[in-house]
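Lettering follows sequence order; numbering is per chain, from 1.
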There are 2 protein chains.
Amino acid sequence: MPDIRRLRRTSPRTNGVARYTEIQRALETAIFSGDWPPGTRVPSEQELLKRYRCSRMTVNKALSALAASGLVVRRRRSGSFVAQRQGEKNVLQIHDIEEEIQREGKSYRVKLVSRSERKATKRDAARLDVPVSTRILALTCVHYGEERPLVAEDRLINLDAVPSATEVDFNETSPGNWLLKQVPWSEAEHHIRAVNASEDIAEHLEITEGEACLVVERRTRHGGRSITHVVLSYPGDGYQLVARFSPSQG
Amino acid sequence: MPDIRRLRRTSPRTNGVARYTEIQRALETAIFSGDWPPGTRVPSEQELLKRYRCSRMTVNKALSALAASGLVVRRRRSGSFVAQRQGEKNVLQIHDIEEEIQREGKSYRVKLVSRSERKATKRDAARLDVPVSTRILALTCVHYGEERPLVAEDRLINLDAVPSATEVDFNETSPGNWLLKQVPWSEAEHHIRAVNASEDIAEHLEITEGEACLVVERRTRHGGRSITHVVLSYPGDGYQLVARFSPSQG
DNA sequence: GAGTGGTCTAGACCACTGA
DNA sequence: CAGTGGTCTAGACCACTCA
C-alpha cells in the first residue's frame, strides 16, 4: 500500500526544463560570469536542496554533471569547488575522408598508388607498434574530390588483427572507411604537425615540392592491440582542422 | 518512523566498484567488442534491473552515462541503441604557452615585438569579429623557452571587453596567460593549418623563409562577446599537437 | 494503449577526511 | 566526530511515441 506522503505532486517544472538542469545552469552562470572564480566553494548539496526545495538526488545530479564536465571538483568532507582552469579540452573532429567528401556532395574517388603485403620490417614495426615480422599490409593512396587530389594516405594495417584486409580491393573503397566498418569502436591517438611537401607527396597532391602540408598521423588500437597506423598529408592551403572549446560542454 | 522494508542492507559491492559502473562497463565491453554493432538495441532499463538485481535509478545512471558519452542513443518508447559511429570526437589540449614551457621546467621569456592601441580597421574588425572603430590593442610577440624562439604570436584584444589590458606590461607576462586570469571561462574556436613561413615569421622564429609552420588561430568569446583573436605560429619541426580519442571517454 | 525513458522523492548506509 | 559527497532503494508521475 503506497504511503500517502509519496502521493503529493512532483514540484512543477518552471517551463520545460528539468529541475536539475535549472540548478546546473544557475551554477554554470555564476562560474562563467566570474562571480565564482576558480577555487571558490560551491554550496553543498544540503544548502542547494534547501534553496531549490528539491531532493538531494536532484541537486546531486546537477553537481555530478558539473563535475563530469570538469567545471567543479568534488571532495568529501570539504565540499565542491570551482575547478582550476586547465589546458582547454577542445573537441576536434576528424572525419573519415571519404565520408567527409561525400557529405559535401562532391564526387569521391580513391586511387591506390601502391600495395605491399609483407612481414613488418623494423621500421614498419616501430610505426605500427607491433613485433617485427608481424604480417602487415602497406598501402599508399590518394583521395580525390571532384577529381582533384585532396589527401595523400600512407597506411600500415596489422593483418593479425584484421586478416580480411588482404581480400579487399582498395581501389573501390577507402581503407579508412573499410576499417571503420570492420573495427567500429577503437581508440586513436593523433599527432598533428606541419611539414614541407616531399617530392613524392608533392607529386601525389599536384603541388610544388616544399609547400607546407598539414600532416595528421593516427595510430588506432582496439583492446590494446594495434590495428593500423596512417599518415595523412593535406595541402596546407586546402585544408584546416577546427577544434572547439565550450566550457558548458566540458 | 522508518519503514522496516527500507532497512535491509544495500546490496554489497563486488569489490570497490559502484554498481552502476559495473553495469556501464559490462555494456561498454559488449559494444567495443563488436558483439553489439551500431544500431543494436541495448536491453531496456527493466531488463537490466532484473538482470543486475538493482533499482531502476542505478541502471538509469549507467545508461545515462553511456548516452552522455555518445556511445548509445536513448529514445522513448523505442529503447536504447548503440550509436552510429560518427566523426571521432578527439580531445585536443591546447595549453597556454607560458604554462606549457614552465611546466617542462624550462626558462620562459616573452619578447614584445610591437604594440599598437587603435580603432579597429576593417581588417581588424573582421579578424576580431567586432564593429569597425571598436578600440583594440594589437600585439605581436615571440615566446622563448631556454632562450630559443618557440612561438610567434599575433594578437588583437577587444578593449571594450577587457579595458584593463591597456595598463599591462606585456614584456613581463604573456598576453594569453594574462587574459586567462582576466576572463577565466570563455569559449574558443581553433583553426589549425599549415603555412610556409613568411619573411617576418621566419625572422622571429629564426628559421628559413618558406619552412612549414603549424598555425593555430584562436578566437575567444565570453558570453557572446568577442574577447581576443590570436594567431600562433609554431615551427613545423619543433611542435606537434596531440589529440586523443577514447570511446569510453566519449 | 502500453512500453520506454525522463525525472523526481524521501529516505538510507557508507567512506572519507578535515577540524 | 561530524559534515560531505557517493551510492542506492522502492516507489511515483509524466511525456512521448510506436505498434
field: Step-by-step side chain to side chain contact (heavy atoms under 4.5 Å, CB included) determination, Ile227(B) to Ile157(B)
entry: CA-CA 6 Å; Ile227(B) 304 286; Ile157(B) 299 175; 5.6 Å; no

- request: Give the C-alpha distance, both sets of side-chain angles, the deciding distance and a yes or no for side chain to side chain contact (heavy atoms under 4.5 Å, CB included) between Thr134(B) and Asn158(B).
  value: CA-CA 7 Å; Thr134(B) 307; Asn158(B) 179 357; 3.5 Å; yes

query: Checking side chain to side chain contact (heavy atoms under 4.5 Å, CB included) for the pair Trp185(A)/Arg85(B): CA distance, chi angles, key distance, verdict?
result: CA-CA 8 Å; Trp185(A) 299 104; Arg85(B) 190 185 178 82; 3.3 Å; yes

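When distances run from any side-chain atom of Ser44(A) to the nucleotides dT4(D), dG6(C), dC8(D), the shortest one goes to dT4(D). Checked against dT9(D), dT4(D), dA12(C), the side chain of Arg76(A) finds its nearest nucleotide in dT4(D). With distances taken from any side-chain atom of Ser55(A) to the nucleotides dT9(C), dT7(C), dT7(D), the minimum falls on dT9(C).
Between Phe170(B) and Trp178(B), the two ring planes are perpendicular [angle over 60°; tilted spans 30° to 60°].
In terms of phosphate contacts, Tyr20(A) brings a side-chain nitrogen or oxygen within less than 4.0 Å of OP1 or OP2 of dT7(C). Between Lys61(B) and dT7(D), a side-chain N or O to OP1/OP2 separation shorter than 4.0 Å is present. Proximity of Arg41(B) to the phosphate of dT4(C): a side-chain N or O atom is located under 4.0 Å from OP1 or OP2. Within the structure, a side-chain polar atom (N or O) of Arg74(B) is placed less than 4.0 Å from OP1 or OP2 of dG6(C).
Atoms CD (Gln46(A)) and P (dA12(C)) sit 13 Å apart, rounded to a whole Å. Between the CD1 atom of Ile23(B) and the P atom of dT9(D) there is a distance of 8 Å, rounded to whole Å. Atom P of nucleotide dC8(D) and atom CG of Leu49(B) are separated by 14 Å, given to the nearest angstrom. The CG atom of Leu66(B) sits 16 Å away from the C1' atom of dG6(C) (whole-angstrom rounding). Nucleotide dG11(D) holds its P atom 17 Å from the CG atom of Asn60(B), rounded to whole Å. What separates CG of Leu48(B) from C1' of dG3(C) is a distance of 15 Å, to the nearest Å. The CE atom of Met57(B) sits 16 Å away from the P atom of dG11(C) (whole-angstrom rounding).
The pair Glu187(A)-Arg244(B) fails the salt-bridge criterion, with no side-chain N (NZ, NE, NH1 or NH2) lying under 4.0 Å from an Asp/Glu carboxylate O.
For residues 64-73 of chain B, no pair satisfies salt bridge (charged side-chain N to carboxylate O under 4.0 Å, His left out), with sequence neighbours left out.
Taken residue by residue, residues 77-84 of chain B places heavy atoms nearer than 4.0 Å to DNA chain C at Arg77(B), Gly79(B), Ser80(B).
Judged by distance alone, with hydrogens and angles left aside, Arg75(A) brings no side-chain donor or acceptor close enough to the base of dG3(D) to form a pair under 3.5 Å. The base of dG6(C) does not come close enough to the side chain of Arg19(A) for any donor and acceptor atom to sit less than 3.5 Å apart.
Shown here is Arg25(B), whose CZ atom has no more than 12 heavy atoms of other residues, nucleotides or ligands within 6.0 Å.
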